[in-house]
K.L.:
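Sharing a structure, written as structure tokens. Questions coming.
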Amino acid sequence: MANHLVIVESPGKAGTIKGYLGSNYKVVASKGHICDLPVSSLGVDIENGFKPKYINIRGKGELIQSLKKEAAKADSVFLATDPDREGEAISWHLARVLGIDSTKAKRVTFHEITRDAVKQAIARPTAIDENRVDSQQTRRILDRIVGYKLSPLLWKKIRSGLSAGRVQSVATRIVVEREQEIRNFKGEEYWTLDAILSGKAKKSFTAAFYGMNGKKITLSTGEECTKVLSDLANAQYAVKSVKRGTRTRNPAPPFTTSALQQEAYKKLNFQTQRTMRIAQELYEGVTLSKKGGQGLITYMRTDSLRISDEARNAAKAFIIDKFGNEYYPEKPRVYKAKSGAQDAHEAIRPTNLVFSPESIKANLSAEQYKVYKLIWDRFIASQMESALFDSVTAEIGAGEYVFRATGETVKFPGFLGVYEETSDDNEDKQGKNTRLPELDEGEILDLKELRHKQNFTQPPPRYSEATLIRALEEKGIGRPSTYTPTLTTILSRGYIERAGKQLVPTPLGEITTQLMSEYFSPVVDYKFTADMEEKLDNIASGNASGEEILQQFYNEFSKLLENAEASVGQGKIVVPDVELDVSCEKCGRKMVIKSGRFGKFAACPGYPACKNTKPLDKNGQIAEVSPAQIVEGMQCELCGKGVMLKKGRYGDFYACEDYPNCKFTKQVVKEAGVACPECGGKVIIKKGKKKDFYGCENYPTCTFSSWYLPTGEKCPECGDILVSKRNGTVHACRNTACKYSVKIKADITK
């Protein structure tokens, strides 16, 4: 019997795919990239065709050796990394590092992880696409050159430790320019005037001032508004015309990556990183009781609006069966992707309409259900009939002035019965979905009230995550796989920060953008960046050479770099600190906000003469810290004095009251209340880099650890430890490659 090896990126995906293939297939995970450019050096030989120098990623040596052994034993190796350019590059690296012969290596891609899709892909393998690898490698080298050549300049001029990025610098510039636009904005005064009227139907309605003698007029000052009010003092109000019509509204297309990120942010308040993590889980597969692992959505990094004929036919059958024939359009809906889209995959859609959100809700986490329902509803609605609205516009005369009243009611809901896209603009919704009373031309109306109000034009709103992604997409900057990393990077580097839902540039971001615009304007130019994305697309399609593109870029970039290094002065640009309205109790200066390895904190600007610091709360205000207290019944193990309970960055700890003269400290141990399933000792809660986890008190003698609380039971399928998930409602195997899980019924006696 042939022995086949399938290598995927994610252990979660490996478990799902393993259930679809026979016993002669072994599925393992590379856990992402196994090699990359070195961290400590440029890693690109610019003089010899921009040849990259790849090294194995630190910490993956054991995994690489294990994969090598498995590949050597296999008759064929299926490289099944993600179906995008980065996935293609990972497959290429795997084949090279593991020493897989070209006759043995087979490239397969899963655009959806379902039984049929996986088996069809395995049955039709291809070779690694060298053009796509070249495109991804060119992107990586471009970003490395920009980052490693520009960063020393930022260290010299602004602050050590800073780094520059090709796409990230452009994204920061967008946010900075919007902030400057807001600062420079000067609001203009205008007045609104509404008439509250009623006719023979005795139902009041609102008509807005339009103008005079059929021409629109804007009331710019209070004097203009007062004059109109004076002229209307004895005016008679009468209906001049009534126009009735029908308006059609079409559904939004199925989701692309950017559209999903924007809508999840607006509808669910999910940050893009969270949305993509959940979408990845839905794509890789969720355990559906006896049905095993099932990929619920198609590949979630796409800019395509295309869907397969099978999916379109399935949607048609579902819509007609659930809603009726009138809810399906005469012709199936086909959406065209925007200009410049790669169109490599389908749009994001459910893989199987049998699995409706409600039918599998019990198998999903709360956040998985929300994102899956969003994708499901959007896809179904995208194939449905348009919504129809009855609209009425009444023009009302009052002397020589004209008012207008509009109303709109739903005639046929169509797709709106399933889904409605969220608006994020400031569009005036007045009059929408409002029914006007029956009005006849010539009808005399009674004036109930005239309402006038002073207003001022508003500056453009700050960007949110959703609108920044939309701006990047509209400008052709980045691709579906880069939006989330770009946002994450400029936030983590401190170039922008969140103020509620808004993105605001920091002083560091503004100064860095100013420096980049002054010396490296092409690098942060919108058109230049968009053109580079198009060139990368051309490389992927085999119409351009990566080496030529890199050489063209570097010829211009090196001149800019040489000029900047000669022109930038020796003195550093001082990034202004944000001052707090709190005085340092030690020296009287106003405290300022500083950034450190563990986030922001308040500090005295008199450092190093005054080293006073204070923690900040989530609102950026100085947090109240309760004073440390002597712990009753405890003595210092070194000097015998009292022990105080203190708070540290890694949690609560005990320290000698004579600290720093006595260096005794001890971490506070929190018991989980269960026994270690491996040695019987106590399970305690430990602090990790990202989140708390459970471990044995006898470490390192016992190495038990888990993100979830152990149940004390063994997995009936693989013998590993069962842990408690979803607030104790599910017991699942700790081994992510094993998909065993069971629902636990609530104890009604508690």
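We're numbering straight along the sequence, starting at 1. Model, not experiment: these values are computed from the prediction.
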K.L.:
Any side-chain to backbone donor/acceptor pair from R479 onto R301? Under 3.5 Å, distance only.
P.N.:
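No; judged by distance alone, with no hydrogens or angles, the pair does not exist.
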K.L.:
If every non-hydrogen atom of W376 is compared with every non-hydrogen atom of L353, which pair is closest and at what distance?
P.N.:
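Taking every non-hydrogen atom into account, CH2-O, 3.0 Å.
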K.L.:
Atom CD of E637 and atom NZ of K666: how far apart are they, to the nearest 0.5 Å?
P.N.:
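So the CD of E637 and the NZ of K666 are separated by 5.0 Å.
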K.L.:
Any donor-acceptor pair under 3.5 Å linking the side chain of Q262 with the backbone of S258?
P.N.:
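A pair under 3.5 Å: yes.
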K.L.:
When rounded to the nearest 0.5 angstrom, what is the spacing between CG in L296 and CD in E284?
P.N.:
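Spacing of CG (L296) from CD (E284) equals 12.0 Å.
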K.L.:
Could you tell me which non-hydrogen atom of T287 sits nearest to which non-hydrogen atom of S741, and how far apart they are?
P.N.:
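Where T287 meets S741 most closely, the heavy atoms are CG2-OG, 4.1 Å.
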K.L.:
Kindly indicate whether the side chain of Y495, heavy atoms from C-beta on, has any atom under 4.5 Å from the side chain of Q168.
P.N.:
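Not touching, per the 4.5 Å side-chain cut-off.
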K.L.:
Could you walk me through whether Q280 and D82 satisfy the side-chain contact (heavy atoms from CB on, under 4.5 Å) test, starting with their C-alpha distance in whole Å, then the side-chain angles of each, then the deciding distance to 0.1 Å, before giving a yes or no?
P.N.:
CA-CA 11 Å; Q280 181 88 32; D82 283 350; 4.2 Å; yes
K.L.:
Is a side-chain donor or acceptor of H731 paired with a backbone partner of T711 at a separation under 3.5 angstrom?
P.N.:
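Judged by distance alone, no pair lies under 3.5 Å.
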K.L.:
Report yes or no: is the cationic atom of K267 (NZ for Lys, CZ for Arg) closer than 6.0 Å to the six-membered ring centre of Y419, at no more than 45° off its axis?
P.N.:
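Because its charged atom sits under 6.0 Å from the ring centre and within 45° of the axis, K267 does stack over Y419.
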K.L.:
Decide, yes or no, whether a salt bridge links D692 with K670 under the criterion of side-chain N to carboxylate O below 4.0 Å.
P.N.:
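Salt bridge flag = no for K670 with D692.
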K.L.:
So does E717 pair up with K18, basic N to acidic O under 4.0 Å?
P.N.:
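Answer for the salt bridge query: no.
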K.L.:
Between D84 and Y299, do the side chains contain a donor N or O and an acceptor N or O under 3.5 Å apart?
P.N.:
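Yes, because at least one side-chain N or O of Y299 sits under 3.5 Å from a partner of the opposite role on D84.
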K.L.:
Nearest 0.5 Å, please: how far is CZ in R734 from NZ in K725?
P.N.:
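Reported value, rounded in 0.5 Å steps: 11.5 Å.
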K.L.:
Measuring from atom CD1 of I34 to atom NE2 of H93, what distance do you get when rounded to the nearest 0.5 angstrom?
P.N.:
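Between I34 CD1 and H93 NE2, I get 8.0 Å after rounding to 0.5 Å.
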K.L.:
Step through the shown structure and confirm whether more than 12 heavy atoms of other residues, nucleotides or ligands are within 6.0 Å of NZ on K31.
P.N.:
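Open: at most 12 neighbouring heavy atoms sit under 6.0 Å from NZ of K31.
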K.L.:
Can you check whether H111's main-chain N or O pairs, donor with acceptor, with T298's side chain at less than 3.5 Å?
P.N.:
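Checking the backbone N and O of H111 against the side chain of T298, no donor-acceptor pair under 3.5 Å is found.
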K.L.:
Between V683 and F704, is any pair of side-chain heavy atoms under 4.5 Å apart?
P.N.:
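When only atoms from C-beta onward are counted, F704 and V683 do touch, with a gap below 4.5 Å.
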K.L.:
Atom OG of S30 and atom CD1 of I7: how far apart are they, to the nearest 0.5 Å?
P.N.:
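Output value for this atom pair is 7.5 Å.
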K.L.:
Closer than 3.5 angstrom, by distance alone: can the side chain of S706 be matched with the main-chain N or O of Y694 as a donor-acceptor pair?
P.N.:
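Checking the backbone N and O of Y694 against the side chain of S706, no donor-acceptor pair under 3.5 Å is found.
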K.L.:
Do K104 side-chain atoms and A71 backbone N/O form a donor-acceptor pair below 3.5 Å?
P.N.:
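Yes: the side chain of K104 pairs with the backbone of A71.
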K.L.:
Any non-hydrogen side-chain atom of L79 less than 4.5 Å from a side-chain atom of I100?
P.N.:
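They are in side-chain contact.
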K.L.:
Would you say L260 and L374 make side-chain contact, with heavy atoms under 4.5 Å?
P.N.:
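Yes, close enough: below the 4.5 Å cut-off.
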K.L.:
May I ask you to test the R140-D36 pair for a side-chain heavy-atom distance under 4.5 Å?
P.N.:
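Answer yes - side chains close enough.
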K.L.:
I want to check something: taking the side chain as every heavy atom from C-beta on, are E112 and R349 in contact at a cut-off of under 4.5 Å?
P.N.:
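When only atoms from C-beta onward are counted, R349 and E112 do touch, with a gap below 4.5 Å.
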K.L.:
Passes side-chain contact (heavy atoms from CB on, under 4.5 Å), D303 versus T257? Steps please.
P.N.:
CA-CA 6 Å; D303 55 10; T257 301; over 6 Å; no
K.L.:
Would you check if the side chain of T81 reaches a backbone N or O of E9 as a donor-acceptor pair within less than 3.5 Å?
P.N.:
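Here the side-chain-to-backbone pair does not exist.
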K.L.:
Should I122 and Y25 count as side-chain neighbours, where that means a heavy-atom distance under 4.5 Å?
P.N.:
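The answer is yes, as the side chains (C-beta and beyond) meet within the 4.5 Å cut-off.
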K.L.:
Pick from R277, Q261, E465: which one makes a side chain to side chain donor-acceptor pair (under 3.5 Å) with T272?
P.N.:
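Exactly one candidate clears the test, E465.
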K.L.:
Determine, step by step, whether F255 and M300 satisfy the side-chain contact (heavy atoms from CB on, under 4.5 Å) criterion, reporting the C-alpha distance in whole Å, the side-chain angles of both residues, the deciding distance to 0.1 Å, and the verdict.
P.N.:
CA-CA 9 Å; F255 280 129; M300 65 287 159; over 6 Å; no
K.L.:
Before accepting this row, confirm whether a basic side-chain N of the pair E421/K266 lies closer than 4.0 Å to the acidic partner's carboxylate O.
P.N.:
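Answer for the salt bridge query: no.
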K.L.:
Counting distance only, does the side-chain N/O of T302 pair as donor-acceptor with the main-chain N or O of P480 below 3.5 Å?
P.N.:
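Between the backbone of P480 and the side chain of T302 there is no qualifying donor-acceptor contact (under 3.5 Å).
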K.L.:
Is it true that a side-chain atom of E263 and a backbone atom of T422 form a donor plus acceptor pair closer than 3.5 Å?
P.N.:
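Looks like yes, one N/O pair under 3.5 Å.
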K.L.:
If you define the side chain from C-beta out and look only at heavy atoms, does anything of L722 sit under 4.5 Å from V742?
P.N.:
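When only atoms from C-beta onward are counted, V742 and L722 do not touch, as no gap falls below 4.5 Å.
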K.L.:
Can you tell me if OH on Y740 sees more than 12 non-hydrogen neighbours from other groups inside 6.0 Å?
P.N.:
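More than 12 heavy atoms, drawn from other residues, nucleotides or ligands, come within 6.0 Å of this atom.
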K.L.:
Between G32 and K60, what is the shortest heavy-atom contact and its length?
P.N.:
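Minimum heavy-atom separation between G32 and K60: C-NZ, 4.0 Å.
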K.L.:
One pair to check against side-chain contact (heavy atoms from CB on, under 4.5 Å): T275 and T484. What are the steps and the verdict?
P.N.:
CA-CA 9 Å; T275 299; T484 298; over 6 Å; no
K.L.:
With Y283 as reference, evaluate I348, I278, I113 under the side-chain contact (heavy atoms from CB on, under 4.5 Å) test and give the passing residue.
P.N.:
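Only one of I348, I278, I113 forms a side-chain contact (heavy atoms from CB on, under 4.5 Å) with Y283, namely I113.
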K.L.:
Without swapping roles, check the side chain of E346 against the backbone of S308 for a donor-acceptor pair under 3.5 Å.
P.N.:
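Yes, the answer is positive, given that a donor and an acceptor are paired below the 3.5 Å cut-off.
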K.L.:
What heavy-atom pair brings A672 and L709 nearest, and what distance separates the two atoms?
P.N.:
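So the two residues come closest at CB-CD1, 3.7 Å.
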K.L.:
To the nearest 0.5 Å, what is the distance between CD1 (I297) and OG1 (T351)?
P.N.:
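The OG1 atom of T351 is 8.5 Å from CD1 of I297, to the nearest 0.5 Å.
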K.L.:
Could you check whether K682 pairs with E697 (Lys NZ or Arg NE/NH1/NH2 to Asp/Glu carboxylate O, under 4.0 Å)?
P.N.:
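Salt bridge: no.
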K.L.:
Please find the pair of heavy atoms, one from V77 and one from A74, that lie closest to each other, and give the distance.
P.N.:
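Result for this residue pair: CG2-CB, 4.3 Å.
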K.L.:
For a quick check under 3.5 Å, do K501 and S464 share a side-chain donor-acceptor pair by atom type?
P.N.:
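Looking only at side-chain atoms, S464 and K501 do not form any donor-acceptor pair under 3.5 Å.
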K.L.:
How far apart are the closest heavy atoms of S91 and I128, and which atoms are they?
P.N.:
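Looks like O-CD1, 3.8 Å.
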K.L.:
Pairing donors with acceptors under 3.5 angstrom, does anything connect the side chains of E358 and S356?
P.N.:
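Checked: E358/S356 side chains show no N/O donor-acceptor pair below 3.5 Å.
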K.L.:
Going by atom types alone, do S76 and H4 pair a side-chain donor with an acceptor below 3.5 Å?
P.N.:
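Present: a donor and an acceptor within the cut-off.
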K.L.:
Between Q136 and E88, does any side-chain donor sit less than 3.5 Å from a side-chain acceptor?
P.N.:
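Looking only at side-chain atoms, E88 and Q136 do not form any donor-acceptor pair under 3.5 Å.
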K.L.:
Check this for me: Y699, atom OH, are more than 12 non-hydrogen atoms of other residues, nucleotides or ligands nearer than 6.0 Å?
P.N.:
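Not buried by this count: 12 neighbours or fewer within 6.0 Å.
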